[in-house]
Student: 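What follows is a structure written as structure tokens; I'll ask about it next.
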Amino acid sequence: MVCRFSTKLLNICIASLCKVGQLEKAEAVVIDGIRLGLLPDVVTYNTLLSAYSRFVGIDAAYSVIHRMKEAGISPDVITYNSLIAAATKRCLLSRSLDLFEEMLRTGIRPDVWSYNSLMHCFFKLGKPDEANRVFQDIILTNLLPSSSTFNIMINGLCNNGYTGYALSLYRYLQRQGFVPELVTYNILINGLCKSRKLNAARRILRELGESGNVPDAITYTTVMKCCFRSRQFEQGFEIFSEMKSKGYAFDAFSYCAVIAALTKTGRLEEANDIMEQMARSDIDLDIVSYNTVMNLYCRNGKLEATYKLLDEIEEHGLECDEYTHTILIDGLCKAGNVEGALRHLKNMTKMGFDSTLVAQNCVIDGLCKVGRLDHAIKMFASMEVKDSFTYSSMVHNLCKARRYRHASRLLLACLRGGMKILRANQRSVIDGLCYSGYTSEARRLKSKIRLAKILHY
DNA sequence: ATAGGGTTAG
């Protein structure tokens, strides 16, 4: 009896160490406990497991499961929930599903937390129907949905293109007495902004203000980003200043959003300034932050510094992603080193990135800019996947080279594919055709553009 | 123990 009570105390002690990432100390306490005859129980291991998954990685968390089993302690529903949530967070979705299966096989009954994670997982897999089935299961069985059940559902619907449904679900739940939390508001504002429903987003923002919740740094970053996305840069920068004056702490998310926007608008001095603020802060830079800084270096024309950054990324044990390579390739192009860019694009393909579309678009544009239009045309023809950027680059540069009829063909192909193309590009093709005497072709093109627009709404 | 914000090209 005494022992049991002490293990409880021991667990509290371990939990407080785990909370702040003091894993070694926590392990030392475990060992001390064993010496005193206090055996770790399932709570001890669950505490360690969640700390390992948070501070070290998912493999470290798995190894706790093995230790548990060796000690003769069976994992419980909390053990599995922690692991499933950790795997889902890291996009290891097949692992999440496997763990869920394993839990069922072991005879452990999933609780609402398990189903929440499963739903989240299906949404991340882009399977909203499956997620919805899980949601229905929660509602129809006697599991009590938690507020996160609804938040995950609303967020998942937004991320899968069902913002309208997300909003109606939200309204419905409100009528049923669901009190939205700050997260709920943040989820909706973000989802609505991303699908360009700005008025609806404003309404939710107003409701957030009226709800008595205080917007947090995430709300601010979300709204700021929303301004940048709709090209309201000044308004976005004002929000950044407001955040500062109200004393919000900046994290990597807010820094990256504003640095990228300043970089994009060519305000490089301010961008450098804020980038240095970020570097001076005690924020651990992750790969997204490095990418943002790297893009700024490239815009500054500092290719040397860019390569140094690549080393730094490795030294910190981080892995370059699709963005890193694309930014480098674009930087090489902008510096006029298209050969280098082509070489790196090949590397990228060899490394097995599943999409190199943006990088290819950069190279296409780079080739055109150095006058190698025919090489660009060849590359364009060889691309299996193209998007509106690919087309508009080609159309723009074909016009510049006065090859209007070629440009016209691509413009139509683009519109027929249901892709948008900049108004300015359309104008230059039509004007170019007229200017060089192909007036009837210009007229035909105009009506075809109209038709394509009708067909794609 | 879960859910929300940040990075690339025309």
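Every chain is numbered from 1, with letters handed out A, B, ... down the list of sequences. All values below were derived from every heavy atom in this structure, side-chain atoms included, with hydrogens, water molecules and symmetry-related copies excluded.
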Student: By the 4.0 Å heavy-atom rule, please label A:Ala252 as base, sugar-phosphate, or nothing.
Tutor: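 The residue A:Ala252 makes base contact.
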
Student: Report which part of the nucleic acid A:Asp111 touches: base, sugar-phosphate, or nothing (heavy-atom distance under 4.0 Å, all strands).
Tutor: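 The answer is base, as A:Asp111 lies within the cut-off (heavy atoms under 4.0 Å) of a base atom.
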
Student: Are any side-chain N or O atoms of A:Asn160 and backbone N or O atoms of A:Tyr162, one a donor and one an acceptor, separated by less than 3.5 Å?
Tutor: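 Judged by distance alone, no pair lies under 3.5 Å.
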
Student: Hey, does the side-chain of A:Ser289 have a donor or acceptor N/O within less than 3.5 Å of a partner on the base of B:dG6?
Tutor: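 Answer is yes: a donor-acceptor pair is held.
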
Student: Does the base of B:dG10 carry an N or O that pairs as donor and acceptor with the side chain of A:Ser392 under 3.5 Å?
Tutor: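 Indeed, a donor on one side and an acceptor on the other fall under 3.5 Å apart.
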
Student: Look at the side-chain N and O atoms of A:Asn155 and state whether any lies under 4.0 Å from the OP1 or OP2 oxygen of B:dA3.
Tutor: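 No, no such contact exists.
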
Student: So what does A:Arg54 touch, heavy atoms closer than 4.0 Å: a base, only the sugar-phosphate, or nothing?
Tutor: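 Answer is nothing: A:Arg54 stays at 4.0 Å or more from every strand.
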
Student: Check for me whether the distance between the ring centres of A:Tyr391 and A:Phe380 falls short of 6.0 Å.
Tutor: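 Close enough - the centres of the two rings lie under 6.0 Å apart.
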
Student: Between B:dA9, B:dT7, B:dG5, which nucleotide gets closest to the side-chain atoms of A:Ala217?
Tutor: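 Given the options B:dA9, B:dT7, B:dG5, the side chain of A:Ala217 is closest to B:dG5.
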
Student: Of the nucleotides B:dT7, B:dT8, B:dT2, which one has an atom closest to the side chain of A:Trp113?
Tutor: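 Closest nucleotide among those given: B:dT2.
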
Student: Does A:Asn425 get its side chain close enough to the base of B:dG10, under 3.5 Å, for a donor-acceptor pair?
Tutor: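 Absent.
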
Student: Considering every strand and a 4.0 Å limit on heavy-atom distances, what is the contact class for A:Glu181: base, sugar-phosphate, or nothing?
Tutor: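 Answer is base: heavy atoms of A:Glu181 come under 4.0 Å of a base.
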
Student: For a quick check of understanding: with a heavy-atom distance under 4.0 Å over all strands, which category does A:Asn116 fall into, base, sugar-phosphate or nothing?
Tutor: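 Base, at least one base atom sits under 4.0 Å.
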
Student: Heavy-atom count check: over 12 atoms from other residues, nucleotides or ligands less than 6.0 Å from A:Gln136 CD?
Tutor: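 Counting neighbours around CD of A:Gln136, more than 12 heavy atoms of other residues, nucleotides or ligands fall under 6.0 Å, so yes.
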
Student: Backbone N or O of A:Pro128 within a donor-acceptor pair of the A:Asn132 side chain at under 3.5 Å?
Tutor: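 Flag not set: sc A:Asn132 to bb A:Pro128 has no pair under 3.5 Å.
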
Student: When we call it a touch if two heavy atoms are under 4.0 Å apart, what does A:Ser388 touch: a base, just sugar-phosphate, or nothing?
Tutor: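 Base contact.
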
Student: Of the listed nucleotides (B:dG5, B:dG10, B:dA3), which one gets closest to any side-chain atom of A:Thr221?
Tutor: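 It is B:dG5.
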
Student: Looking only at the side chain of A:Ser50 (C-beta and beyond, no hydrogens), which of the listed nucleotides B:dA3, B:dG10, B:dA1 gets closest?
Tutor: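 Given the options B:dA3, B:dG10, B:dA1, the side chain of A:Ser50 is closest to B:dA1.
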
Student: Does a nitrogen or oxygen in the side chain of A:Lys225 sit under 4.0 Å from OP1 or OP2 of B:dT7?
Tutor: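 True: A:Lys225 side-chain N/O within range (under 4.0 Å) of B:dT7 OP1/OP2.
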
Student: If you only use heavy atoms from C-beta on, which nucleotide in B:dG5, B:dG10, B:dT7 is closest to the side chain of A:Tyr323?
Tutor: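 The answer is B:dT7, which lies nearest to the side chain.
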
Student: Using the side-chain heavy atoms of A:Val288, tell me which of these nucleotides is nearest: B:dG5, B:dG10, B:dT7.
Tutor: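 Minimum distance to the A:Val288 side chain belongs to B:dT7.
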
Student: Classify A:Asp216 by what it touches in the nucleic acid, base, sugar-phosphate, or nothing, heavy-atom distance under 4.0 Å.
Tutor: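 It contacts base atoms.
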
Student: Given B:dA1, B:dT7, B:dA3, which nucleotide is nearest the side-chain atoms of A:Asp321?
Tutor: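 Nucleotide nearest to A:Asp321's side chain: B:dT7.
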
Student: Can you figure out which of B:dG5, B:dA9, B:dG6 approaches the side chain of A:Arg299 most closely?
Tutor: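 For the A:Arg299 side chain, the nearest candidate turns out to be B:dA9.
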
Student: Any salt bridge between A:Glu315 and A:Lys308, counting N to O under 4.0 Å?
Tutor: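 Looking at A:Lys308 together with A:Glu315, the answer is no, because their closest N to O distance does not fall below 4.0 Å.
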
Student: Verify the stacking flag for A:Tyr220 against B:dG5: centroid separation must be under 5.5 angstrom and the ring planes must differ by under 30 degrees.
Tutor: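 No, aromatic ring not over the base.
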
Student: Let's test your reading of the model: under 3.5 Å, does the base of B:dT2 pair with the side chain of A:Ser148 as donor and acceptor?
Tutor: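 Answer yes: a donor N or O sits under 3.5 Å from an acceptor.
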
Student: Mind calculating the distance between NE2 (A:His120) and C1' (B:dA3) to the nearest angstrom?
Tutor: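 One finds 6 Å between C1' of B:dA3 and NE2 of A:His120, rounded.
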
Student: Which nucleotide in the set B:dG6, B:dG10, B:dA3 lies at the smallest distance from any side-chain heavy atom of A:Lys334?
Tutor: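 For the A:Lys334 side chain, the nearest candidate turns out to be B:dG10.
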
Student: A:Phe237 and A:Phe228: aromatic ring centres closer than 6.0 Å?
Tutor: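 Ring centroids of A:Phe237 and A:Phe228 are less than 6.0 Å from each other.
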
Student: Name the nucleic acid region contacted by A:Asn81, choosing base, sugar-phosphate or nothing; use a 4.0 angstrom heavy-atom cut-off, strictly under.
Tutor: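 Base contact.
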
Student: State whether the distance check finds a donor on one side and an acceptor on the other, under 3.5 Å, for side chain A:Asp286 versus base B:dG6.
Tutor: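 Check passes, donor-acceptor contact within cut-off.
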
Student: Ignoring the backbone of A:Asp330, work out which of B:dG5, B:dA9, B:dT2 is nearest its side chain.
Tutor: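 Nucleotide nearest to A:Asp330's side chain: B:dA9.
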
